[in-house]
There are 2 protein chains.
Amino acid sequence: MPRRKTAKVELSRGRLLDAAAHIFRERGYVGTTMRAIAQDAGIEAGSIYYHYKSKDELIGAVLDFGIVELLSSVTSALSQLPADATPRLRIETAISAHVSAILDNGDYMLAMRRVFGQVPAATWRRHMRLRESYGEVWSKLLSSARRAGVVRTDADLTLARLFLLGGLNWTVEWYKPKGRPIRTVTRAFSTLILDGLLVPRARQARKPKK
Amino acid sequence: MPRRKTAKVELSRGRLLDAAAHIFRERGYVGTTMRAIAQDAGIEAGSIYYHYKSKDELIGAVLDFGIVELLSSVTSALSQLPADATPRLRIETAISAHVSAILDNGDYMLAMRRVFGQVPAATWRRHMRLRESYGEVWSKLLSSARRAGVVRTDADLTLARLFLLGGLNWTVEWYKPKGRPIRTVTRAFSTLILDGLLVPRARQARKPKK
DNA sequence: GTCTATATTCAGATAGAC
DNA sequence: GTCTATCTGAATATAGAC
């Protein structure tokens, strides 16, 4: 249940934004109709235009809200850590916060995935700047772990970040509340990315054939 | 450049299917118009209906073709391995084949991602059966590695598979031919999932705080 | 096999009453 | 702020000529 401000106007805008995320998630950008969003929000289609000038502005707001939620969840979790927290703990904390945030805001995250490449280019480019600032949080997390000397010296941190976030974000597609608890999932993911799947003694023969 | 049969009719169907994958990728299911697909394929909209009964049948063909390509690429790469190949080599080979296949068939893979949740439910359910048979290939790969004793005993193989495939599949969104060679990427991914990001001696303090 | 033409339906956005 | 009514453009799918 994602909810922000509680002022009068904001409350109405919030319901609209949630409805928009929900419908964009289910139908993609072009497949979403203003009428469908309005129905989901309990108003009529024409009324949306009092809040947002266009469908384009609406998807922009959904996109940006999703990233801002992620960014603030992860940075807030990190800032609550003691100053001397180990790099390992910092990464585990970020993984946990990231996964929790994407599951808490599933409609927004799934809306982003669905509308990838469907949103007008100008809107998308504007949004990508926000998105990159979130990527920066992870880049810094990993490079400070490397400076602390706990990361394999041959690791490519860019590839590691892309792989990790890809694996984490996929969760929003398959996770069901009735299944494993979130803590179980995030702990397993942390161990996988930090320690690997294999037992240490099985680490021979690095080069694949083909 | 994915291409299958070379018979006369098949050639035409193939161009149509490629065009469909391309447009579905860019605009999602509902956002894709038969006119746009036709234009991309160099024919007129009405002509599509000679090959496919409906837009729905067309997306079904795109979806199924994408999975079949993945399935055959990975199983073929695995079958070329010597019978005594180590579990590690088998997993590395599958990772390499999977990533190569998704990059070779980018339009099909991205079309799948975009239309997630937009395709009529009946078409999607039919397609999901194919998809699960591909998941089975990975499940068997991981569980046979566990039987060989090379996998951490506390690892949840279902979560490992979901995390790994999520990380691999994300590649199709960011990979650019001008960047790192594919081999560099797949080697890095293999090391990450099998050995982990951290140096072995840095493995203390397993429990995250929050 | 591919074309042109068309029927039917429905989209985004606006105007002005309440 | 939200409504109803409406303009205008464009979609899927079909029919029948070539």
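In the text below, chain A, chain B and the rest are named by the order of the sequence lines, each starting its count at 1. All values below come from the heavy atoms of this structure, side chains included, with hydrogens, waters and symmetry mates left out.
Atom pair B:Ile48:CD1 and C:dC3:P shows a separation of 10 Å (rounding to whole Å applied). Separating the CD1 atom of A:Ile37 from the P atom of C:dA13 is a distance of 10 Å, rounded to the nearest angstrom. Note: CD (A:Gln39) to C1' (D:dC3) measures 16 Å, nearest angstrom. Rounded to whole angstrom, the span from the CD1 atom of B:Ile23 across to the P atom of D:dA11 amounts to 12 Å. Taking atom CZ of A:Arg27 as the reference point, atom C1' of C:dC10 lies 13 Å away to the nearest angstrom. Between A:Arg35 atom CZ and D:dT6 atom P the separation is 13 Å, expressed in whole Å. We find that CE of B:Met34 is positioned 16 Å from C1' of C:dT9, with the value rounded to whole Å. Going from atom CG of A:Leu58 over to atom C1' of C:dG12 covers 12 Å, rounded to whole Å.
Listed for the A:Tyr29 side chain is no donor-acceptor partner under 3.5 Å among the backbone atoms of A:Phe116. A donor-acceptor pair under 3.5 Å is absent between the side-chain atoms of B:Arg114 and the main chain of B:Arg27, judged by distance alone.
Note that CE of B:Met109 and CG of B:Asn169 are 8.5 Å apart. Values are rounded to the nearest 0.5 Å.
Dashed line: the shortest gap from a side-chain N or O of B:Ser47 to OP1 or OP2 of C:dG1 is not under 4.0 Å. Dashed line: the shortest gap from a side-chain N or O of A:Tyr50 to OP1 or OP2 of D:dT2 is not under 4.0 Å.
In this structure, the nucleotide among D:dT2, C:dA13, C:dT4 sitting nearest to the side chain of A:Lys55 is C:dA13. Side-chain proximity of A:Tyr49 to the nucleotides C:dC3, C:dA13, C:dT2 is greatest for C:dA13.
The residue among A:Gly46 and A:Thr33 whose nearest nucleotide of DNA chain C lies closer to the 5′ end is A:Thr33.
In this structure, B:Phe163 has its ring center under 6.0 Å from that of A:Phe163.
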